Amino acid sequence: LGDSFYKDSRIKFSAIKKAIKKCAGKLKNQQVVLNQLAIIKQENPSRYKDMLRSGMLNYVIESKFTDDEKILEDCILGGILHDIGFLYLDPKFYNQTAKKFSVNDLKKMQTHSELGYHLLKPWFHENILNAAINHHIGEDNSGYPRQMGLPPNRLSRLTSLSSAFVGCLRKHRLDKA
């Protein structure tokens, strides 16, 4: 996954692998979340790969600004878990562009961030929850969901950027180049 995504880059994969292993160790205590990720991997492999890629990209970007392991682990977890709410949506929403949805379908699809937030809330702290709930809030505070009481933070903004970039790679099949 990483080799094809970051082909010919100067990224230190050993650092990413080490951080991912540490995050995986933390997830061992959250069996419910691991089960949800396993289901997403099976039912929607492209969404699962995008979630992993978002976590790795979060790490790569944030590692340019800090070497704080806790922050970098949050970046990986926030990227990996931000779309976990898609598990509770109709499979027709998988891998389609917004242009193909009715207004009602779009409203249903937009609930994935709130669903993910509520799923993760018992096990994760506010920084990770913020990435799950606010990764579709823009710099101008447009987007969704509205009025959840948790203002966007650095991780949610970073996850928004990473998720959008990874989506562009999938949409334009640049990862196959």
Side-chain angles (χ1 to χ4, degrees), residues 1-38 40-41 47-87 112-145 147-170 175:
L1 178 65
D3 292 336
S4 65
F5 185 59
Y6 298 108
K7 189 177 180 182
D8 300 324
S9 70
R10 294 187 178 147
I11 295 166
K12 298 177 185 172
F13 288 105
S14 60
I16 295 173
K17 287 178 184 177
K18 180 181 173 185
I20 288 175
K21 281 184 181 181
K22 204 168 192 180
C23 291
K26 289 182 175 185
L27 285 175
K28 282 184 182 179
N29 296 330
Q30 283 83 26
Q31 195 59 46
V32 171
V33 176
L34 285 176
N35 290 342
Q36 306 299 317
L37 288 171
I40 290 173
K41 182 179 181 181
R47 172 71 55 198
Y48 179 77
K49 287 179 183 177
D50 285 355
M51 291 163 67
L52 292 177
R53 289 173 172 158
S54 294
M56 289 191 305
L57 190 55
N58 276 359
Y59 177 91
V60 169
I61 293 169
E62 191 63 26
S63 67
K64 301 298 179 193
F65 302 102
T66 186
D67 58 359
D68 183 314
E69 287 185 21
K70 174 73 174 109
I71 292 171
L72 294 173
E73 288 169 16
D74 280 1
C75 287
I76 291 172
L77 287 172
I80 290 172
L81 299 173
H82 78 280
D83 269 347
I84 201 163
F86 266 99
L87 179 62
H112 81 276
S113 55
E114 292 175 66
L115 293 168
Y117 171 87
H118 291 293
L119 171 72
L120 298 172
K121 192 172 182 178
W123 298 284
F124 293 95
H125 58 84
E126 188 174 298
N127 205 26
I128 303 297
L129 297 173
N130 204 308
I133 193 77
N134 288 323
H135 67 276
H136 287 288
I137 300 289
E139 285 296 321
D140 62 353
N141 289 319
S142 63
Y144 62 90
Q147 303 166 349
M148 280 298 293
L150 193 61
N153 66 4
R154 181 177 176 92
L155 180 56
S156 65
R157 302 241 190 250
L158 177 60
T159 302
S160 176
L161 171 73
S162 296
S163 179
F165 182 77
V166 167
C168 287
L169 290 178
R170 182 177 21 85
D175 59 342

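Please read these numbers as outputs of a predicted model, since none were measured by experiment.
Here the CG atom belonging to Asn127 is positioned 10.0 Å from the CG atom belonging to Leu77, to the nearest 0.5 angstrom. Rounding to the nearest 0.5 Å gives a distance of 9.0 Å between CZ of Arg47 and OG of Ser54. The line from CG of Asn58 to CG of Leu72 is 10.0 Å long, rounded to the nearest 0.5 Å. To the nearest 0.5 Å, the span separating CD1 on Ile71 from CZ on Phe65 amounts to 12.0 Å. The OH atom of Tyr59 sits 9.5 Å away from atom SG of Cys23, with the distance rounded to the nearest 0.5 Å. Summarising the geometry, atom CD1 belonging to Ile76 is positioned 12.5 Å from atom NZ belonging to Lys21; distances are rounded to the nearest 0.5 Å.
Checked by atom type and distance alone, the side chain of Thr159 pairs as donor or acceptor with a backbone atom of Leu155 at under 3.5 Å. Although no hydrogens or angles enter the test, the distance criterion places a donor-acceptor pair under 3.5 Å between the side chain of Ser63 and the main chain of Val60.
Of all non-hydrogen atoms in Cys75 and Leu158, the two that sit nearest each other are SG-CD2, 3.8 Å. The two atoms that bring Leu129 and Phe124 nearest to each other are CD1-O, 3.5 Å, heavy atoms only. Considering every non-hydrogen atom in both Leu34 and Leu27, the closest pair reads CD1-O, 3.3 Å. In terms of heavy-atom proximity, Ile133 sits nearest to Pro145 at O-CD, 2.9 Å. The shortest heavy-atom contact between Ala132 and Leu120 is CB-CD1, 3.9 Å.
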Mind running side chain to side chain contact (heavy atoms under 4.5 Å, CB included) on Leu57 and Phe165 for me, showing each step along the way? CA-CA 9 Å; Leu57 190 55; Phe165 182 77; 3.4 Å; yes
Exercise for the section: Given side chain to side chain donor-acceptor pair (under 3.5 Å), test Asn35 with Gln31 step by step and report yes or no. Expected result: CA-CA 6 Å; Asn35 290 342; Gln31 195 59 46; 3.1 Å; yes
So Lys49 and Lys41, side chain to side chain contact (heavy atoms under 4.5 Å, CB included) or not? Walk me through it.
CA-CA 8 Å; Lys49 287 179 183 177; Lys41 182 179 181 181; over 6 Å; no
Next on the checklist: For Asn153 and Asn134: C-alpha separation, side-chain torsions, deciding distance, then whether side chain to side chain donor-acceptor pair (under 3.5 Å) applies.
Outcome noted: CA-CA 8 Å; Asn153 66 4; Asn134 288 323; over 6 Å; no
Should His82 and Ile128 be marked as a side chain to side chain contact (heavy atoms under 4.5 Å, CB included) after you check the CA-CA gap, both sets of side-chain angles, and the distance that decides it?
-> CA-CA 8 Å; His82 78 280; Ile128 303 297; over 6 Å; no
* Is there a side chain to side chain donor-acceptor pair (under 3.5 Å) between Asp83 and His135 once you walk through the steps? -> CA-CA 9 Å; Asp83 269 347; His135 67 276; 3.0 Å; yes
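At least one cation-pi condition fails for Arg53 and Tyr48: the charged atom is not both under 6.0 angstrom from the six-membered ring centre and inside a 45 degree cone around its axis.
Between His136 and His112, the ring-plane angle classifies as perpendicular under the 30° and 60° cut-offs.
Side-chain contact check for Met56 versus Ile80: every heavy-atom pair is 4.5 Å or farther apart. Inter-residue side-chain proximity for Ile137 and Ser156 is flagged as unmet; no heavy-atom pair is nearer than 4.5 Å. In this structure, Arg154 and Glu62 have side chains that are in contact, with non-hydrogen atoms separated by less than 4.5 Å.
Residue Trp123 is tested with Leu81, Asn29, Val32 for a side chain to side chain contact (heavy atoms under 4.5 Å, CB included); the sole match is Val32.
Environment of NZ in Lys121: sparse, with no more than 12 heavy atoms of neighbouring residues, nucleotides or ligands closer than 6.0 Å.
The closest side-chain donor-acceptor pair between Ser163 and Asp50, if any, does not fall under 3.5 angstrom.
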